[in-house]
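Remember, it's 1-based here, ligands and their atoms both numbered in the order they're listed. Numbering starts at 1 and runs along the sequence shown.
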Amino acid sequence: MKLLVTGAGGMLGQEVAAAARRAGHGVVALARAHLDVTRTDLVRRRFDAERPDAVINCAAYTNVDGAEEDRALAFALNGEAPAAVAAAAAEVDAAVLHVSSDYVFDGRKGEPYVESDATAPLSVYGESKLAGEEPTAAANRRHFVVRSAWLFGLGGPNFVDTMLRLGREREEVRVVDDQVGSPTSCVDLAEALVRLVATDHYGLHHVAGGGACSWAELAAETFRQAELGCRVTPITTAEMGRPAPRPAYSALDSERPETPRLRPWPEALAAYLAARTEREGAIA
Ligand SMILES: NC(=O)c1ccc[n+]([C@@H]2O[C@H](COP(=O)([O-])OP(=O)(O)OC[C@H]3O[C@@H](n4cnc5c(N)ncnc54)[C@H](OP(=O)(O)O)[C@@H]3O)[C@@H](O)[C@H]2O)c1
């Protein structure tokens, strides 16, 4: 099939385009410079010219703390643009897959969130991501809304990379231990999205790395696997003092048998560290 990827320059978008090519699909990968998803006229014209079978929308406003100050831009990109993309896809009879976030939840459930759980975002970013979900579904009958979480991948800045840099520079890092989530490999998620979009299992899906941990546990496992001697000192969210509130517990699980399941996050982390090492070898 022919897949069109928007936001293809981002961390997930790059992996989605690569996974689609590996799967043997025709791929039109459009980074922001090639297609601005807030320009509805351009989106419609491009979809009409390309006539894809499905669109995977990876474009987003992803600065969680920045969104607290930049509400209008966060809503334009995460709320309005996904609906316009979904509608433009429907006009050319293409399915649409939109990526959403675990931050649509308030974290009070205390066990993994499934698709039917009530949403209650704490942050502007979470509100803006939620604002993109329902309009996407309304605009295109053949829609997939996939919530994921805590992404790490070769194509962009992420928590694991930050820990690896700090772990080489310091003897100790202070990391938040009272937020628990599902770390997710962009490679694993991308492969799942490419498989899912070729099915008729429309609707809402939770797709994230298997298992859950805190940021401090993710840092400690990263250091263990990378054989870095850096010590992790657990701190609280309040001590960290970030502008945007975050859910204390936002691990994701699926209640839908047809939803793709990803391998446990420590295995995916090991594969990611190996891919980083391979890339560093290729560059050196
Ligand atoms: N990262 C996470 O931990 C996480 C967790 C849960 C869900 N998600 C969701 O996963 C998806 C992918 O996130 P990511 O981590 O890959 O983020 P990312 O690396 O920031 O990618 C987002 C991409 O969207 C592009 N973009 C911004 N404005 C655009 C516009 N007007 N038109 C077209 N493209 C535009 C960005 O381009 P520029 O770089 O040029 O701005 C960037 O390449 C998002 O929907 C995000 O909400 C992410």
Please check if the distance between the ring centroids of Phe152 and Phe159 is under 6.0 Å. no
Answer yes if a protein heavy atom lies under 4.0 Å from atom 45 (O) of ligand 1, otherwise answer no. yes
Under 4.0 Å and counting heavy atoms only, is there anything from the protein next to atom 36 (C) of ligand 1? no
Consider only side-chain N and O atoms of Thr236 and Glu239, and report whether a donor and an acceptor are under 3.5 Å apart. yes
Could you find the nearest protein heavy atom to atom 32 (N) of ligand 1 and give me its residue, atom name and distance? Val37 N, 2.9 Å
As an exercise, identify every atom of ligand 1 less than 4.0 angstrom from a heavy atom of Ser100. 7 (C)
With side chains defined as the heavy atoms from C-beta onward, is the minimum distance between Ile235 and Asp177 less than 4.5 Å? no
So which of Val187, Asp188, Leu154 actually passes side-chain contact (heavy atoms from CB on, under 4.5 Å) with Tyr272? Leu154
Can you find an N/O atom of Ala59 closer than 3.5 Å to an N/O atom of ligand 1? no
My understanding is that we take every heavy atom of each candidate and find the minimum distance to atom 40 (O) of ligand 1. Doing that for His34, His98, Arg147, Arg32, which one comes out nearest? Arg32
Looking only at non-hydrogen atoms, which of Gly13, Gly9, Cys58 approaches atom 23 (C) of ligand 1 most closely? Cys58
Taking the minimum heavy-atom distance to atom 3 (O) of ligand 1, which of Asn158, Val43, Leu151 ranks first? Leu151
In the protein, which heavy atom is nearest to atom 33 (C) of ligand 1, and how far is it? Leu35 O, 3.3 Å
Measure Lys129 to ligand 1 on non-hydrogen atoms and call it side chain, backbone, both or neither using the 4.0 Å cut-off. side chain
Salt bridge flag under 4.0 Å for residues Glu115 and Arg256: no
With heavy-atom distances below 4.0 Å as the criterion, list the atoms of ligand 1 near Leu12. 12 (C), 16 (O)
Ring centres of Trp150 and Trp265 under 6.0 Å apart? no
Where is the nearest protein heavy atom to atom 17 (O) of ligand 1: which residue, which atom, and how far? Thr62 CG2, 3.3 Å
For atom 26 (N) of ligand 1, which protein heavy atom lies nearest, and how many Å away is it? Ala60 O, 4.1 Å
